[in-house]
Q: 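Dropping a structure here in structure tokens format, bear with me for questions.
Counting begins at 1 with the first residue of the sequence.
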Amino acid sequence: MPTILGQNQYGKAENRVVKITRDGDTHHIKDLNVSVALSGDLDDVHLTGSNAHCLPTDTTKNTVFAFAKEYGIESAEQFGIHLARHFVTSQEPIKKARIRIEEYSWERIASSEANSKFIGADEVNHSFARKGQETRVTQITYDGERWEIISGLKDLVVMNSTNSEFWGYIKDQYTTLQEAYDRILATQVSARWRFNWTDDDQRMPNWERSYEQTRKHMLEAFSETYSYSLQQTLYQMATRIINHRSEIDEVRFSLPNKHHFLVDLEPFGLKNDNEVYYAADRMYGLIEATVLRDGATAQIPVDMTNL
């Protein structure tokens with residue numbers, strides 16, 4: 001039975017690269033997990049086993065580390081752009097490169113004046129603690145002409161302890177949920193946003209500033225929205241981003257509803273006045289949606305599992 005080779009790609013996944021920038025005695029860290037996927041004129045390696053057009057995955061790994069030294073890591077996006085451009089322009093068989101990056105943040109540990117003097121240093125600027133709030137992510141795709149940059153974050157857990165209700169919903173014979181007029185609203189944010197920067201003739205965004213401000217607007221909207229549903233909150237978060245960040249045309253959220261249930265304390269003769277909750281990790285509602293700038297077309301995949 002005849003077969004036809006379909007879409008294919010290859011590369012080296014999860015290259016862990018840590019770049020230390022030494023500014024005198026003050027050090028700075030960029031900690032990335034970089035995955036490279038290449039596609040193009042690669043039929044023969046599948047059909048005949050010929051490696052004539054195959055750049056070894058070991059070479060892609062070496063390139064990641066070499067570029068960390070050669071170009072530094074200004075931002076995850078800029079580093080991915082350097083890599084994608086290199087693979088497409090330096091190897092004729094390679095027509096498209098996709099670079100996925102996770103970035104892990106660190107914060108500086110402040111040492112006491114007494115201790116720094118005790119150990120013989122005037123100032124300590126080289127000690128860090130790993131931040132645990134979220135993981136920053138980006139995907140850079142380049143085909144030799146056009147760029148697609150989708151950035152975002154995952155595993156950012158947020159909570160409003162009030163200013164959230166849920167009532168007026170459909171009820172049928174299987175409905176047991178009680179209406180809530182003052183509840184905890186908590187979620188673990190997975191967000192992706194697509195930039196409208198697509199070619200080298202456009203002015204490139206300030207990637208670090210854009211991430212910082214996008215995250216700020218997202219959290220402000222979460223905090224300031226009096227919520228009647230997590231869907232409403234999601235829409236306000238995405239809308240705030242698009243209204244304030246002109247470089248972003250599309251935002252997609254995946255928000256699991258991290259349920260908190262009031263504990264029945266009446267058997268102990270105690271009244272639970274919205275004070276004591278049971279935090280459930282299973283099962284959970286999963287709220288997902290895309291919000292677009294007027295006139296834009298959705299391009300972020302509906303399933304963000306591998307994005």
Side-chain angles (χ1 to χ4, degrees), residues 1-17 19 30-68 70-71 73 75-104 135-154 190-200 204 207 249-250 252 254 288 290 297-307:
M1 190 173 188
T3 59
I4 298 174
L5 178 66
Q7 192 279 339
N8 60 86
Q9 61 192 32
Y10 79 105
K12 188 73 83 176
E14 300 201 29
N15 301 280
R16 290 286 279 108
V17 55
K19 175 67 167 65
K30 281 290 187 179
D31 185 352
L32 307 183
N33 188 19
V34 183
S35 294
V36 177
L38 308 176
S39 55
D41 184 8
L42 298 167
D43 286 5
D44 283 350
V45 70
H46 293 87
L47 303 179
T48 70
S50 170
N51 293 312
H53 289 177
C54 184
L55 182 71
T57 63
D58 189 66
T59 303
T60 68
K61 176 258 297 180
N62 293 340
T63 305
V64 170
F65 292 109
F67 272 37
E70 184 175 355
Y71 294 102
I73 302 176
S75 67
E77 288 86 355
Q78 187 64 65
F79 189 62
I81 288 169
H82 285 312
L83 288 169
R85 192 192 305 277
H86 167 78
F87 289 126
V88 171
T89 60
S90 68
Q91 304 298 330
E92 196 279 332
I94 304 303
K95 307 300 183 184
K96 186 174 184 179
R98 187 196 71 200
I99 313 297
R100 287 178 172 169
I101 300 176
E102 296 180 337
E103 179 175 347
Y104 313 113
T135 299
R136 179 175 171 179
V137 298
T138 189
Q139 174 177 287
I140 296 93
T141 305
Y142 182 55
D143 62 5
E145 295 183 359
R146 294 184 65 80
W147 296 93
E148 182 186 74
I149 314 294
I150 298 173
S151 295
L153 56 82
K154 62 181 181 179
S190 180
R192 303 293 185 274
W193 47 87
R194 179 176 56 81
F195 293 91
N196 49 40
W197 182 81
T198 58
D199 65 69
D200 290 317
M204 187 180 294
W207 305 111
D249 276 357
E250 178 184 5
R252 183 164 180 83
S254 179
E288 299 177 306
T290 297
T297 301
Q299 297 179 35
I300 299 175
V302 171
D303 183 358
M304 301 193 302
T305 304
N306 295 312
L307 177 60

Q: Look up atom CD1 in Ile149 and atom CG in Asn196, then write down how far apart they are to the nearest 0.5 Å.
A: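 It comes to 11.5 Å.
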
Q: Output the distance between atom CD (Glu145) and atom CG (Asp199), rounded to the nearest 0.5 Å.
A: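 Here the rounded value is 10.0 Å.
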
Q: Please evaluate residues Phe67 and Lys19 with respect to the criterion side chain to side chain contact (heavy atoms under 4.5 Å, CB included), reporting the C-alpha separation (whole Å), side-chain torsions for both, the decisive distance (0.1 Å), and the verdict.
A: CA-CA 10 Å; Phe67 272 37; Lys19 175 67 167 65; over 6 Å; no

Q: Answer yes or no: is there a side-chain heavy-atom contact under 4.5 Å between Val34 and Leu83?
A: yes

Q: Kindly indicate whether the side chain of Val36, heavy atoms from C-beta on, has any atom under 4.5 Å from the side chain of Lys61.
A: no

Q: Begin from the C-alpha positions of Glu288 and Ser254 and carry the test side-chain hydrogen bond (donor to acceptor under 3.5 Å, both in side chains) through to its verdict.
A: CA-CA 4 Å; Glu288 299 177 306; Ser254 179; 2.8 Å; yes

Q: For Phe87 versus Ala97, what's the shortest heavy-atom pair and its separation?
A: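 Closest approach of Phe87 to Ala97, heavy atoms only: CB-CB, 4.3 Å.
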
Q: For residues Tyr10 and Leu55, determine if any side-chain heavy atom of one lies less than 4.5 Å from a side-chain heavy atom of the other.
A: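 A side-chain contact under 4.5 Å exists here.
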
Q: Testing the basics here: between Leu32 and Phe79, what is the closest heavy-atom pair and its distance to 0.1 Å?
A: CD1-CD2, 3.8 Å

Q: To check you understand the geometry: which heavy-atom pair defines the closest contact between Ala68 and Ile73, and what is its length?
A: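 Scanning both residues, the minimum pair turns out to be CB-CD1, 4.3 Å.
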
Q: Of all heavy-atom pairs between Ala84 and Ile140, which one has the smallest distance, and what is that distance?
A: CB-CG2, 4.1 Å

Q: Which heavy-atom pair separates Thr138 from Ala76 by the least distance, and what is that distance?
A: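 Taking every non-hydrogen atom into account, CG2-CB, 3.8 Å.
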
Q: Compare all side-chain heavy atoms of Trp193 with those of Leu153 and state whether any distance is below 4.5 angstrom.
A: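 When only atoms from C-beta onward are counted, Leu153 and Trp193 do touch, with a gap below 4.5 Å.
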
Q: Pair Glu102, Lys154 - check side chain to side chain contact (heavy atoms under 4.5 Å, CB included), show working.
A: CA-CA 10 Å; Glu102 296 180 337; Lys154 62 181 181 179; 2.5 Å; yes

Q: Return yes if some donor-acceptor pair links the side-chain N/O of Glu250 with the main-chain N/O of Gln299 below 3.5 Å, else return no.
A: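 It does hold such a pair.
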
Q: Is any side-chain heavy atom of Gln78 less than 4.5 Å from a side-chain heavy atom of His82?
A: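 They are in contact (side-chain heavy atoms under 4.5 Å apart), so the answer is yes.
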
Q: Using 30° and 60° as the class boundaries, would you call the ring planes of Trp197 and Trp207 parallel, tilted or perpendicular?
A: perpendicular

Q: Quick one: pull up CG in Asn15 and CD1 in Ile101 and give me the separation to the nearest 0.5 Å.
A: 10.0 Å

Q: As a quick check of understanding, evaluate side chain to side chain contact (heavy atoms under 4.5 Å, CB included) for Ile81 and Met204, giving each step before the final call.
A: CA-CA 11 Å; Ile81 288 169; Met204 187 180 294; 4.2 Å; yes

Q: Please report the closest heavy-atom contact between Asn8 and Ser39, naming both atoms and the distance.
A: O-CB, 3.3 Å

Q: So, Asp44 side chain and Leu42 main chain: donor-acceptor pair closer than 3.5 Å or not?
A: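 Not a single qualifying donor-acceptor pair exists.
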
Q: When rounded to the nearest 0.5 angstrom, what is the spacing between OG1 in Thr3 and CG in Leu47?
A: 8.0 Å

Q: Is the shortest side-chain N to carboxylate O distance from Glu103 to Lys30 below 4.0 Å?
A: yes

Q: Kindly say whether Pro93 contributes a backbone atom to a donor-acceptor pair with the side chain of His53 at under 3.5 angstrom?
A: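 Not at all, since once roles are kept as given, no pair shorter than 3.5 Å links the two residues.
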
Q: Are there more than 12 heavy atoms of other residues, nucleotides or ligands under 6.0 Å from atom CD of Glu70?
A: yes

Q: Can you confirm whether Asp31 sits close enough to Arg16 that some side-chain heavy atom of one is under 4.5 Å from a side-chain heavy atom of the other?
A: yes

Q: Rounded to the nearest 0.5 Å, how far does CG of Asp41 lie from CD of Gln91?
A: 12.5 Å

Q: Evaluate the side chain to side chain contact (heavy atoms under 4.5 Å, CB included) criterion for residues Thr141 and Arg146: first the C-alpha distance (whole Å), next the side-chain angles of each, then the deciding distance (0.1 Å), finally the verdict.
A: CA-CA 8 Å; Thr141 305; Arg146 294 184 65 80; over 6 Å; no

Q: Of Glu148, Glu77, Arg192, which meets side-chain contact (heavy atoms from CB on, under 4.5 Å) against Gln139?
A: Glu148

Q: Can you tell if the side chain of Arg98 reaches within under 4.5 Å of the side chain of Lys96, non-hydrogen atoms only?
A: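 The answer is no, as the side chains (C-beta and beyond) never meet within the 4.5 Å cut-off.
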
